[in-house]
Amino acid sequence: MRDLDDHPRPGNELNAMFAALRRWLSRTPDARDDDIPAALWARVEAGLPCLHGLPAETRARLRDLARRFLAEKEFHGARGMVLSDEIMLSIALQACLPILRVGLEGYRHWVGIVVYPGDFVVDREVMDEDGVVHNDHHTLLGEAWDGGPVIVSWAPAGGPAGVNVVIHEFAHTLDMLNGAADGFPPLPADMNRHAWAQAFEAAYEDLCARVDHGMPTVLDPYASEHPAEFFAVASEAFFERPDALRDTYPAVYAQLGALFGVDPSSSSVASTTP
């Protein structure tokens with residue numbers, strides 16, 4: 001969840017959502033690049049800095065995943081938002097970054113995507129230590145539900161550095177593939193669960209200590225709220241600020257690289273440039 005407060009579930013504002021058309025999509029898994037106009041690919045990709053460090057072969061796989069993602073998932077605009085082809089393609093490309101290695105199987109457990117034109121307010125009931133129930137209002141940027149939908153606020157280029165609501169929420173959905181979000185998504189067979197746990201636990205403890213003592217942090221302090229949030233925020237940083245994450249938490253960076261099947265750091269790009 002990428003939020004401005006806590007962990008509620010959206011409510012009444014979902015009444016405004018509606019289905020959007022995907023005019024240029026082929027529903028076959030072997031769709032070609034010309035299903036989506038070249039100018040649209042170029043315009044959308046140019047506006048996503050998180051794609052710029054990806055190798056050419058990875059960009060090609062990402063395009064293929066995005067086409068299939070758009071053909072399989074259902075988009076809905078909330079609060080009167082009209083979803084353009086550009087918005088849907090942008091969301092699809094960002095959403096497919098965490099599944100570059102595992103493929104669309106990583107998102108098999110849900111279908112719907114709800115897009116808000118900005119942050120949204122939800123209500124929930126909270127019981128305090130004395131057993132008294134309070135009605136609280138919370139402002140969210142996004143939320144992923146177990147079984148769907150995935151809810152995101154539309155954030156065009158120019159937002160806070162390193163923040164990517166789409167990657168954050170879709171990392172949560174990947175985390176939920178093996179149960180409740182806990183920062184421990186299902187790993188490919190060649191990855192070591194102990195190594196993952198060791199890397200993430202050490203980094204999470206370090207971040208929490210820094211937040212508790214008011215020290216500067218590379219990751220958004222919100223990552224200290226829960227191991228699931230640490231995983232989602234680290235996933236954002238992996239694609240948005242790869243060098244910073246690699247330099248601060250190299251073991252976490254290595255584990256995410258193995259899970260996502262890519263190394264977007266500048267050193268990787270430099271080593272593959274002719």
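Residues: numbered from 1 along the sequence shown.
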Establish, yes or no, whether a centroid distance under 6.0 Å links the rings of Y249 and F200.
no
Cluster question for you: counting only ILVMFWY and a side-chain heavy-atom cut-off of under 4.5 Å, with indirect links fine, are L65 and V111 together?
no
Are L48 and W41 grouped together when hydrophobic residues (ILVMFWY) are joined by side-chain heavy atoms under 4.5 angstrom apart?
yes
By salt bridge (Lys or Arg N to Asp or Glu O under 4.0 Å) - contacts of D190 (at least two apart):
R101
Can any side-chain N or O of D220 pair as donor or acceptor with the backbone N or O of A223 at less than 3.5 Å?
no
Residues passing the salt bridge (Lys or Arg N to Asp or Glu O under 4.0 Å) test with E105, sequence neighbours excluded, are R108
Mind checking the SG-CZ spacing from C96 to F69? Nearest 0.5 Å is all I need.
5.5 Å
Between the main-chain N or O of L100 and the side-chain N or O of R61, is there a donor-acceptor pair closer than 3.5 Å?
yes
Flag the pair D64 and R67 as a salt bridge only when some basic side-chain nitrogen lies within less than 4.0 angstrom of an acidic carboxylate oxygen.
yes
Tightest non-hydrogen contact, residues P185 and D175, listed as N-OD1, 3.6 Å
Where do P242 and P264 come nearest, in terms of heavy atoms and distance?
CG-O, 3.6 Å
Flag, side chain of Y204 to backbone of F230, donor-acceptor distance under 3.5 Å
no
Nearest heavy-atom neighbours spanning W110 and I113
CZ3-CG1, 3.5 Å
Rounding to 0.5 Å, atoms CD (Q255) and CZ (R193) come to a distance of 11.5 Å
Specify the closest pair of heavy atoms between A234 and V252, including all atoms of both residues, with the distance to one decimal.
CB-CG1, 4.3 Å
Between P98 and F260 the two heavy atoms that sit nearest each other are O-CD2, 3.2 Å
Evaluate the criterion side-chain contact (heavy atoms from CB on, under 4.5 Å) for residue pair Y253 and T248; output intermediate values, then yes/no.
CA-CA 9 Å; Y253 185 87; T248 305; over 6 Å; no
Residue pair L54, L97: steps toward the side-chain contact (heavy atoms from CB on, under 4.5 Å) verdict
CA-CA 10 Å; L54 301 181; L97 286 170; 3.8 Å; yes
Would you check if the side chain of H213 reaches a backbone N or O of M215 as a donor-acceptor pair within less than 3.5 Å?
no
How long is the gap from SG on C50 to CZ on F238, to the nearest 0.5 Å?
12.0 Å
Atom pair CD/OH of E236 and Y222 - distance to nearest 0.5 Å:
10.0 Å
Quick one: do L177 and F231 end up in the same hydrophobic cluster if we chain Ile, Leu, Val, Met, Phe, Trp and Tyr together by side-chain heavy atoms under 4.5 Å apart?
no
Suppose we call two aromatic rings close when their centres sit under 6.0 Å apart. Are F170 and Y107 close by that rule?
yes
Side chains of E240 and N164: donor-acceptor distance under 3.5 Å anywhere?
yes
State yes or no: do F75 and L40 share one hydrophobic cluster built from I, L, V, M, F, W and Y residues joined by side-chain heavy-atom distances below 4.5 Å, directly or via other members?
yes
Any Lys/Arg nitrogen of E45 or R59 sitting under 4.0 Å from an Asp/Glu carboxylate oxygen of the other?
yes
Minimum side-chain heavy-atom gap V114-P149 below 4.5 Å
yes
I167 and V218: same hydrophobic cluster, using ILVMFWY side-chain contacts below 4.5 Å?
no
Closest contact, heavy atoms only, A92 versus L70:
CB-CG, 3.7 Å
Can you confirm whether I87 sits close enough to V82 that some side-chain heavy atom of one is under 4.5 Å from a side-chain heavy atom of the other?
no
Test item: side-chain donor near acceptor, S90 and E86, under 3.5 Å
no
L93 side, atom CG; L62 side, atom CG - distance, nearest 0.5 Å
5.0 Å
Reported CG-to-CZ distance for the pair L51 and R63, which is rounded to 0.5 angstrom:
10.0 Å
side-chain contact (heavy atoms from CB on, under 4.5 Å) between M191 and W196, intermediate numbers included
CA-CA 8 Å; M191 290 187 67; W196 176 280; 3.8 Å; yes
Looking at side-chain heavy atoms only, is the closest gap between V115 and I91 below 4.5 Å?
yes
For I36 and L89, what are the C-alpha separation, side-chain angles and deciding distance, and is it a side-chain contact (heavy atoms from CB on, under 4.5 Å)?
CA-CA 9 Å; I36 299 175; L89 181 57; 4.1 Å; yes
I'd like to know if the side chain of D206 and the backbone of E201 have a donor-acceptor N/O pair within less than 3.5 Å.
no
Does some side-chain heavy atom of H168 sit less than 4.5 Å from a side-chain heavy atom of V163?
no
